[in-house]
Each structure stands twice: as structure tokens, then as C-alpha cells.
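Everything below concerns the one structure shown next.
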Protein chains: 2
Amino acid sequence: MVFSKTCEYGIRAVIFIAQKSENGAKIGIKEIAAGIDSPVHFIAKILQDLSKRGLVQSTKGPNGGFYIDKVAQKRTLADVVRAIDGENIFIGCGLGLKNCSETKPCPLHSEFKLIRSEIQKTLSSATIGDFNESLNLGLSFIKER
Amino acid sequence: MVFSKTCEYGIRAVIFIAQKSENGAKIGIKEIAAGIDSPVHFIAKILQDLSKRGLVQSTKGPNGGFYIDKVAQKRTLADVVRAIDGENIFIGCGLGLKNCSETKPCPLHSEFKLIRSEIQKTLSSATIGDFNESLNLGLSFIKER
DNA sequence: TTAAATAAAGATTTAAAACTCTTTTATTTG
DNA sequence: CAAATAAAAGAGTTTTAAATCTTTATTTAA
């Protein structure tokens, strides 16, 4: 729920790459897929897209791979989500009504405003690089097993 | 996001039926579909399912239709969501990790715990019948146009 | 300057969700 | 009891998301 599968993989990949490339290393797509438990070609597609938007960096050829530079480390998870799933999670109506608004609210409008703002706050206050340390210390995980 | 389309329709339908049947009336499936802007046969399927679970009542034949009795008016939106989309929204990991837990948390675990509990609180404190008045007064809406 | 490594791109397949259509069953009323 | 009405049930179809496979382009290093 909340995010599409694509977006879940995207967030996990971005966090993974950030951690692994902190020291300047580059990470191959196979290693990324293994590191976050995702289908190789699927995450490749997602990263191509994030790469075009500057949320990850990459180089081809031997010793190539993905990495996240200092600038991108400061981008937020909200940017990643926006790039993949769009604005809807931040602004959409909980009951799927397109013209739900302050003046014509759905019955759950104000409740969902609170929830959405909580989501927005969480995602826009977390940068891509924020999790490096906790992952390094084994305090959090982005892999199933 | 958050809910499946099926679930959005389901919630809207249930709220609609609750309001319209408050006085004991029964509402036909066509009227429901029109009242919440949903495909007739699709919402019919959803209501069949909710009916089996006792979240709505129905009778066949002339003057038949759907309604929601006193008991079901007291059921919560959480029950409806659980019936259609399952538990996942209440317990699932924000990053889609199946074995994310307190002891093996994903990087966003605690943040999502807050968000989920907000969703849970909202849905389980709102009964199906809670919106009758606000809909009657034209203070909230469950239809696009 | 060629071979190997690697990401990018494109095309295709699979699976799940959303939606539609047809037939059946139950109920009511004349 | 027959006809009409309305939901239930079942069997599709369409659309979208997810996943896979194949080919191309770029880079490096021998």
C-alpha cells in the first residue's frame, strides 16, 4: 500500500546505493538487486529513470556502476517518491475523489489531510543519505533475509 | 494510493447506503452506483462481498435493495477496509519488506509506525453511520460532480 | 584498437486489478 | 402461479503494474 512496488524498490535502492557509495565506490546493478531483494532488470529500469532525474549517478563500462554524489545524498525521499509515484500521495483524496477539496470535502477529508501531512513530513525530512549510519551499524535493514 | 480502487468504492458505497437507508429505505444497486460515481457491476461485486460479511444488508426482488441496519451502522471503516484490502495497510512495512519488525526494522520503520497508527485510529474511530448527518447537511460529499 | 564490462534502451511477457457482460436465484405482487 | 424485479453468481475482457528478455551504446583497460 501507500507506495507502488516500483517506488518501494526505488527507495530501497537509493538508500542502498547511498550507503555503499558513501566512500566513493560504485555499485553494479546485480549487487544492488541482490542487496535489496529485487528483480535485476526491474530495478535497472527504475534506476535509469532516477538517473535521468539526477537522483542517482552512474557510469558505464568496466568498474562502472551506480553511485550517489554529495549533492544527491542531500535530496529527500520525497523527491524519490515524487519521481516514481508522482504527487498523488501528497495531495490525493483518500476516497479517490478527484475534486475533493476544502470547499467540497469528502467525509474523511480532514482526517486524511493529517495523514498525508504526516507522510509528507516524514518523506521530506529524510534525505537519501540519512540512513547510511544506521545501516552501517546494523540498526536497520533493507533486505528480506 | 493507500486504498485500492475497490476499497475506495466500497467505503463510499457503505457511507452512501448508510445515509440513504437511515430511515429504513432500501437502495438499488443502480442508484448506489450513480450516487458514488462507480461502475454498476463493479460495485455490485464489492457489495456482494461486504454483504456476506454482514457489513451491508440486502434483499432481492421488487422493492429490494441494499441497506445498513442499526448494528452495521456501528461497524467501523476499519472493518470495511479490512474486509476488502486486508490487514496490510495496518501492519505492512512502508518499504514492502515482509520481515520488517521491531527487531529488524527498515530505515523508515518507526516513522511508518506513526503513520499507520494514525490511519488505524482514523478508520477505527469512524463508524459507517458517522457521516449521515454531514452528508445530509451538504457538508461533505462522496460523488465527483 | 579490440575485447570485456557495464548501464541504457526497447520490446515483450506475466500477473493482478479494474471493469463488463450474461445467467441464475430469490422475492414480490398482480 | 406467472411475470416482473432485483441481487447473486459466474465467466469473461481490458487495463495497468510488475517483471523479463534482448539488443545497443559507452567506457575501460589490455
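To find a chain, count down the sequence lines: A is the first, B the second, and so on, and within it residues start at 1.
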Could you tell me the separation between the CD1 atom of A/Ile46 and the C1' atom of D/dA17, rounded to a whole number of Å? 11 Å
If you compare every side-chain N and O of A/Tyr9 against the phosphate oxygens of D/dA19 (OP1, OP2), does one of them come in below 4.0 Å? yes
Expressed as a whole number of angstroms, how long is the span from A/Ile43:CD1 to D/dA19:C1'? 12 Å
Looking at the side chain of A/Pro62, which of D/dA8, D/dT28, C/dA8 is the nearest nucleotide? D/dT28
Starting the side chain at C-beta, find the nucleotide from D/dA9, D/dA19, C/dT20 nearest to B/Gln48. D/dA9
Rounded to whole Å, how long is the line connecting atom NZ of A/Lys5 with atom C1' of C/dA16? 13 Å
C/dT6 phosphate, OP1 or OP2, under 4.0 Å from A/Thr59 side-chain N/O: no
Do the side-chain N or O atoms of B/Ser51 get closer than 4.0 angstrom to the phosphate oxygens (OP1, OP2) of D/dA7? no
Describe the nucleic acid contact of B/Lys26 in one word from base, sugar-phosphate, nothing, applying a heavy-atom distance below 4.0 Å. nothing
Checking all strands, does B/Ile27 fall into the base, sugar-phosphate, or nothing category for heavy-atom contacts under 4.0 angstrom? sugar-phosphate
Respond yes when some side-chain nitrogen or oxygen of B/Ser58 is under 4.0 Å from OP1 or OP2 of D/dA6, and no when none is. no
Distance, rounded to the nearest Å, where A/Asp37 contributes CG and D/dA18 contributes C1': 16 Å
Candidates D/dA29, D/dT22, C/dT20 - which lies nearest the side chain of A/His41: D/dT22
What's the closest nucleotide to the side chain of A/Lys60 if the choices are D/dA11, D/dA19, D/dT27? D/dT27
Base of C/dA9, side chain of A/Lys45 - is there a donor-acceptor contact under 3.5 Å? yes
Distance check: side-chain N/O of A/Asn63 vs OP1/OP2 of D/dA29, anything under 4.0 Å? yes
Closer than 4.0 angstrom, basic N to acidic O: yes or no for B/Asp49 and B/Arg53? yes
hydrophobic_cluster_shared for A/Leu139 and A/Ile15, side chain cutoff 4.5 Å: no
Nearest-nucleotide 5' precedence on DNA chain C, B/Phe42 against A/Ile29: A/Ile29
Using whole Å, what does the distance between atom P of nucleotide D/dA17 and atom CG of A/Asn88 come to? 11 Å
Given that A/Thr6 and A/Gly64 both sit by DNA chain D, which one's nearest nucleotide is further toward the 5' end? A/Thr6
Give one of base, sugar-phosphate or nothing for B/Lys30, where a contact means two heavy atoms less than 4.0 Å apart. nothing
